[in-house]
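Only one structure is covered here, and it is reproduced in the block below.
First listed ligand is number 1; within each ligand, the first listed atom is number 1.
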Amino acid sequence: MIRKVGVLGAGQMGSGIAQVLARYETEVLLYDIAQPQLDRALAGIAKNLDRQVQKGELAAEAVQQILKRIVATQKMDDLSGCDLAIEAVTEKESLKLEIFRQLDKVVKKDAILASNTSSIPITRIAAVTGRQDKVIGMHFMNPVPVMKLVEVIRGLATSDETFAATSSLVARLQKEMAVSADYPGFIVNRILIPMINEAAFALFEGIATVEDIDKAMKLGTNQPMGPLTLADFIGLDTCLAIMEVLYQGFKDPKYRPCPLLVKKVEAGYLGRKSGRGFYNYA
Ligand SMILES: NC(=O)c1ccc[n+]([C@@H]2O[C@H](COP(=O)([O-])OP(=O)(O)OC[C@H]3O[C@@H](n4cnc5c(N)ncnc54)[C@H](O)[C@@H]3O)[C@@H](O)[C@H]2O)c1
């Protein structure tokens, strides 16, 4: 039974994952290298829970108990006793591989190591550990407390036991699961991110304005928001990193990243989290 979970990375995703775990009776150790990120994550979680109370989705008495279950730390060693570690650091392969090498040494031998990666192969991540059978992909959607889906990705060596334990955790968190084999982009991003990239090309080529591209897709295809708004939510750096994984993984030019997307990331225009992306949030 998974009772204690380490979450690595206290950004948009890590903080959402920590919130949902704590809500469903799980002890959470939230780890990040940056103290300001940890502070921001805890404040954000408290604010989200208050909002849920106001909407009548959560009892006011539950808030303090949920918050008490989350302990922030800058020391990875604190994760040693966890039953599961979910990695949600920046989408950079070298960084994730290093984190998994360290995690494998730090976390108890029978624990499961999961990655929330949007696109990096689970099998490659597993290969840097001494427990390939216990490594799995748990791809939560953003914002985690709201979105129902967790894509579960089985690496080549992921065992049935690891898969079963992960599936029951997903059910405990009141989420739905879609299972994907370990190929670039899995299911959701294989389809979603090329659409966002194509929207960036439509802008880059002067076909339409940001607003009209979003309006066309929102009203024309009945999506809750347009692709450029969504890209700003996801983070343009994350979108670019996923396109590069698809491009490298399939060696197919149809996945080449749009130069405008590259340029925005170079400028530090990363979307909502940096105050500017396709839209300006300042
Ligand atoms: N944003 C999305 O919509 C989305 C959706 C699903 C999955 N993901 C995946 O989740 C992961 C995190 O994405 P995010 O949007 O939360 O990014 P983010 O930029 O909001 O957060 C990343 C966090 O990682 C931390 N970090 C960086 N290096 C670290 C290290 N060495 N040790 C510990 N922490 C470190 C940063 O301080 C930051 O808090 C990525 O793999 C991304 O692909 C993102």
Notebook entry, point to check: Is the cationic atom of R172 (NZ for Lys, CZ for Arg) positioned less than 6.0 Å from the six-membered ring centroid of Y24 and within 45 degrees of its normal?
Noted result: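 Judged by the rule, R172 and Y24 form no cation-pi pair.
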Check: Are R124 and E93 ion-paired here, with the side-chain N under 4.0 Å from a carboxylate O?
Finding: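 Salt bridge: yes.
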Next item on the list: For ligand 1, find out whether one of its N or O atoms is nearer than 3.5 Å to an N or O atom of E91.
Entry: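 By distance alone, the answer is yes.
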Just checking, any donor-acceptor pair under 3.5 angstrom between side chains of [X] and [Y]?
{"X": "D182", "Y": "T123", "answer": "yes"}
{"X": "R40", "Y": "S15", "answer": "no"}
{"X": "Y279", "Y": "D214", "answer": "yes"}
{"X": "D39", "Y": "Q35", "answer": "yes"}

Ignoring hydrogens, just give me the one of [options] whose non-hydrogen atom is nearest [atom].
{"atom": "atom 26 (N) of ligand 1", "options": "L8, V150, T90", "value": "T90"}
{"atom": "atom 8 (N) of ligand 1", "options": "G235, S118, P36", "value": "S118"}
{"atom": "atom 40 (C) of ligand 1", "options": "D32, V89, N142, N116", "value": "V89"}

Considering only heavy atoms, does [X] approach ligand 1 within less than 4.0 Å through its side chain, its backbone, both, or neither?
{"X": "T238", "result": "side chain"}
{"X": "Q12", "result": "both"}
{"X": "A10", "result": "backbone"}
{"X": "I242", "result": "neither"}
{"X": "Y31", "result": "side chain"}
{"X": "E98", "result": "neither"}
{"X": "D237", "result": "neither"}
{"X": "H139", "result": "side chain"}

Item checked: Shortest protein heavy-atom distance from atom 38 (C) of ligand 1, along with the residue and atom involved ->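 Ranked first by proximity to atom 38 (C) of ligand 1 is Q37 NE2, 3.4 Å.
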Notebook entry, point to check: Would you say I99 touches ligand 1, if touching means a heavy atom closer than 4.0 Å?
Noted result: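 Right, I99 reaches ligand 1.
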Notebook entry, point to check: Can you find a pair of side-chain heavy atoms, one from I17 and one from N116, that are under 4.5 Å apart?
Noted result: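 They are in contact (side-chain heavy atoms under 4.5 Å apart), so the answer is yes.
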Next item on the list: Could you tell me which atoms of ligand 1, counted from 1 in the order shown, lie closer than 4.0 angstrom to a heavy atom of A88?
Entry: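 The list of qualifying atoms is 11 (C), 12 (C).
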